[in-house]
Structures are given as C-alpha cells and as structure tokens.
**Student:** 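I am attaching a structure below and will ask some questions about it afterwards.
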There are 2 protein chains.
Amino acid sequence: MGILPTTKKIKVNKGDVLLKQGQITKYGYLVETGCLKSYTLDNNGKEHILQFAPENWMISDLDSFTNQIPSVIFIEAIEDSEVAFISKSEFNEISQLEKTELIEIATKFRNNLIATNKRVIGLLSATAEQRYIDFTLLYPTLVQRLPLKLIASYIGVTPEYLSEIRRKLSKK
Amino acid sequence: MGILPTTKKIKVNKGDVLLKQGQITKYGYLVETGCLKSYTLDNNGKEHILQFAPENWMISDLDSFTNQIPSVIFIEAIEDSEVAFISKSEFNEISQLEKTELIEIATKFRNNLIATNKRVIGLLSATAEQRYIDFTLLYPTLVQRLPLKLIASYIGVTPEYLSEIRRKLSKK
DNA sequence: GAATAAAAATAAGATACCTTAAGAAATGAA
DNA sequence: TTCATTTCTTAAGGTATCTTATTTTTATTC
C-alpha cells in the first residue's frame, strides 16, 4: 500500500514506546510487520486503547502530527515490529501533495472516519457484551492474536469483566 | 461551507426527518441556519446522538453516501432550518474532484477524524460528569441552545442522570 | 526445564449509572 | 390566558460494570 513517502524504517521490540503523551510528533508510522497500539492514560493511570495497528496499518497522533501540538496519546509496540516512518517534513502541507496522493489520503481519512463513527455509536448504544461480539466480527484475526486485556481496554471494560463476558458467551 | 457543489436548498421544520435508517442517501446536508442532528435508535428504541449540525456544519451518513449502502442513522431537524444539499451525483467519485476541492475535503475529513478520536477517548476514559464538562467547554453555544435531553443523548447518559450531574455541579 | 513473571479466571463487595414513576416547570397552541 | 404537551427535576430501587483480592494458567527467562 501506499505512495506516501516514507523516510526510514526501523525494527522495534515489544514494549518499545515510539511516542509519548506530551511530545510533538514529526512522524506517522506505517506498520510492515508486527503490531502497535495507541492509548491514553487517565487520571488513575489506567490505559485506554484508541487504536491497534497490525500489518499495513498507519498509526499516529493525527492532531499532534498535523498541528504540531503535544500528543494526547502514547504509541507502543505490542509485538516485535518493523515500522516505516512517514516524515512530517515531506508530507507537511496537505496543499503540496500530488493529486493521486490527495485522493489516497482523503480516502484513508474518510474510511477511518466512517469506522470511528461506528465505534462511537457502539460505545453510546451497545452493552459491553455486544461491543465484544462486534469486535470479534470486525477483527477476527486480532481476537486470536491479542491478549484479552488489550481487547478489554479497546472496547472499554476491565479485563476481569471481559473475562466474565467470555465465560458467559462460551456457555451459550 | 465552501466550494463543494450544492444543488438545491430547502427550508425544513423542527421535527422533519431528512434521512431514515435503512435508506440509501444521495445527499450530504449543509446547514445554513438552524440545527440538525444525526442519531441511531437501539434495540430498546432509545435514541443515541452521533452529531449536531448547527450553522455551517455538514451532516450525512458518510458510509451510506459514499458506498451507497443503507444508512445506520436518522437525520432530523431540531430547529426550523435552511439546508443546502450536496448531491451524490456531482460529488460522486472522489477522483473527479479538483485539487482545491480535494484539499478542502481531505482537511474536513482529517479535522472531523481528530475530533471524533477525541470523543472516543472521552467515552473510554472519562466519567459522565467529565464528559458533560468537556461538552460545555467544546460547544458552549450548543449548551445554551439545546435541550438537556439531547445533550444527555450525545454524551451517552440518560436525561435523568444528566439532570443529577447538573445539580451536583451547581452546588460546587 | 525449573523458576519467575505476566495474564487470565473467579468471586465478593462497591459504585456509577439506569429504570421507573411522579410532580414541577417550561413551552407551545388555541 | 388557559389548556395541553414537552421538558426537567427528584427520588427509590435495580443492574451493569468496577475494584480488590486470590488462585490458576500461560508465557518468558536463565
């Protein structure tokens, strides 16, 4: 995928942090192998996952990247991964992109927005059990691949409660 | 706003429904005066508001509009409003847009995505009280303008509970 | 492959938020 | 103004989900 210019490529180990809350980021990250996550820490130090980025997904703090303001999220490898960097300087002003690049990026933003809107609807209207079922349908490979506690954090429940949900579902 | 081609313009009355769940929409709506909302109905018939669109905001079911699939949301006027239509046929393939239009639309999607990501973070990590406070800071004019029950639906609580939150906050 | 650490399961008690219901206040219609 | 409708408030009881703690299972390291 992707005609967006990438600068360097690096290997990162599970647990490595690529972006910290408060930092201004110059990069978007394109995952080639492995998986990253983005998350916030709330007042109680609890982690809340905004996004998983397995192979061929991009991940960044878009607001920090675009507007050069402090990030509200952390980005961290949850598996050993290979990551390509999309540099702010080469990608800087949206107005300097080629038409094909503009189409690609507008389509990416649009599809991401559609998916994120669905997530908001789920968070507003569905029970935790239904959100978990929806997650398994939408990301069947991630369900196999990710530890329960990360999925719990993504759908907005505690690991203990997701464990209970799974037990309940397995009895059906 | 801006340079996207609009076809017709109509007046709608408070309560008028412009798009129903299940319909495939040909339009995006640009609000010139008044205010619209988009929302879903859950299994229990409860309304959950995805978006408010006051003056100069666009509102649509982007997935239905883009991919010509049944809408998951309703769009309805919550005030008497004047609304311009952005027609699917003139706006059809993203690849047929001018470069300036592409820049405009990519920027719109991006900014909308940034805002929606913030909303997801709030829904995952903040209490109802904090989400209400955040709403008042982000949309101070809407807080004055909208009935409590619509704000409650947007932040994801019942009107009764938001009423309790307001009472508690007013005591501080 | 034992030792250690991390993740998951289970369970009891706590709390944020919901449901239902009724009355008060505000809004709109005639 | 008066009546009717909608919105808001208040309160009691209920439920989904959380917190804390302990045990079991799985993964990691030397």
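Chain letters run A, B, ... following the sequence lines, proteins first and then strands; every chain starts at 1.
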**Student:** D/dA27 C1' sits how many Å from A/Ile78 CD1, rounded?
**Tutor:**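 It is 16 Å, rounded to the nearest whole Å.
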**Student:** Taking atom P of D/dA16 as reference, at what distance in whole Å does atom CG of B/Asp42 sit?
**Tutor:**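 For the pair B/Asp42 CG and D/dA16 P, the rounded distance is 14 Å.
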**Student:** Should the pair B/Lys9-B/Glu82 be classified as a salt bridge under the 4.0 Å nitrogen-to-oxygen rule?
**Tutor:**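 Looking at B/Lys9 and B/Glu82, the cut-off is not met.
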**Student:** Name the residue closer to the 5' end of DNA chain C, choosing between B/Lys14 and B/Arg131 according to the nucleotide with the nearest heavy atom.
**Tutor:**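 The residue mapped nearer the 5' terminus is B/Arg131.
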**Student:** Counting side-chain heavy atoms from C-beta on, which of D/dT9, D/dT28, C/dA8 comes nearest to B/Ser163?
**Tutor:**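 Comparing D/dT9, D/dT28, C/dA8 against the side chain of B/Ser163, the answer is D/dT9.
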**Student:** Taking the axis from the first five pairs and the axis from the last five, what angle separates them in the helix from C/dG1-D/dC30 to C/dA30-D/dT1, rounded to 10 degrees?
**Tutor:**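 Between the axes fitted at each end of the helix from C/dG1-D/dC30 to C/dA30-D/dT1 lies an angle of 60°.
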**Student:** Applying salt bridge (Lys or Arg N to Asp or Glu O under 4.0 Å) to A/Glu98 and B/Lys99, what does each step give before you reach the verdict?
**Tutor:** CA-CA 8 Å; A/Glu98 300 289 328; B/Lys99 194 172 172 188; over 6 Å; no
**Student:** Measure the distance from CD on B/Glu164 to P on C/dA16 and round it to the nearest whole Å.
**Tutor:**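 Result: 11 Å.
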**Student:** Between B/Lys14 and B/Glu76, is the closest basic N to carboxylate O distance under 4.0 Å?
**Tutor:**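 Salt bridge flag = no for B/Lys14 with B/Glu76.
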**Student:** Take the angle between the ring planes of B/Tyr27 and B/Phe85 and call it parallel below 30°, perpendicular above 60°, tilted in between.
**Tutor:**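 The rings of B/Tyr27 and B/Phe85 stand perpendicular, inter-plane angle above 60°.
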**Student:** Return the CD1 to NE2 distance between A/Ile121 and B/His48, rounded to the nearest 0.5 Å.
**Tutor:**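 Spacing of CD1 (A/Ile121) from NE2 (B/His48) equals 10.0 Å.
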**Student:** Strictly below 4.0 Å: does B/Thr158 bring a side-chain N or O up to OP1 or OP2 of C/dC18?
**Tutor:**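 For C/dC18, OP1/OP2 do have a side-chain N/O of B/Thr158 under 4.0 Å.
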**Student:** Given atom CG of A/Asn44 and atom C1' of D/dT19, what is their separation to the nearest angstrom?
**Tutor:**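 Computing the A/Asn44:CG to D/dT19:C1' distance gives 11 Å.
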**Student:** Can you tell me the distance, in whole Å, between the CZ atom of A/Arg145 and the P atom of D/dA27?
**Tutor:**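 Rounded to whole Å, this separation is 16 Å.
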**Student:** With a 4.0 Å cut-off on N to O distance, would you call B/Lys118 and B/Asp134 a salt bridge?
**Tutor:**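 Looking at B/Asp134 together with B/Lys118, the answer is no, because their closest N to O distance does not fall below 4.0 Å.
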**Student:** From CG of A/Asn43 over to P of D/dT19, roughly how many Å is that when rounded to an integer?
**Tutor:**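 Going from A/Asn43 (CG) to D/dT19 (P), I get 13 Å.
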**Student:** The side chain of A/Tyr161 lies closest to which of these nucleotides: D/dA16, D/dT28, C/dT19?
**Tutor:**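 Closest nucleotide to the A/Tyr161 side chain: D/dA16.
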**Student:** Check whether any side-chain nitrogen or oxygen of A/Lys46 sits under 4.0 Å from OP1 or OP2 of D/dC18, and answer yes or no.
**Tutor:**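 Answer no for this pair, as no side-chain N or O of A/Lys46 is under 4.0 Å from OP1 or OP2.
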**Student:** Between atom CG in A/Leu123 and atom C1' in C/dC17, what is the gap in whole Å?
**Tutor:**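 Going from CG in A/Leu123 over to C1' in C/dC17 covers 16 Å.
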**Student:** At under 4.0 Å, does any side-chain N or O of A/Lys149 touch on OP1 or OP2 of C/dA6?
**Tutor:**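 Answer is no, no contact under 4.0 Å.
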**Student:** Charged N to carboxylate O below 4.0 Å: is that the case for B/Glu47 and B/Lys149?
**Tutor:**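 The answer is no: the pair does not qualify as a salt bridge.
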**Student:** Output yes when at least one side-chain N/O atom of A/Arg167 is less than 4.0 Å from OP1 or OP2 of C/dT10, else no.
**Tutor:**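 For C/dT10, OP1 or OP2 has a side-chain N or O of A/Arg167 closer than 4.0 Å.
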**Student:** Choosing from D/dC8, D/dT9, C/dC18, which nucleotide comes nearest the side chain of B/Glu160?
**Tutor:**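 The listed nucleotide nearest to B/Glu160's side chain is D/dT9.
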**Student:** Could you state the CD-C1' distance from A/Glu79 to C/dA7, rounded to the nearest angstrom?
**Tutor:**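 Atom CD in A/Glu79 sits about 16 Å away from atom C1' in C/dA7.
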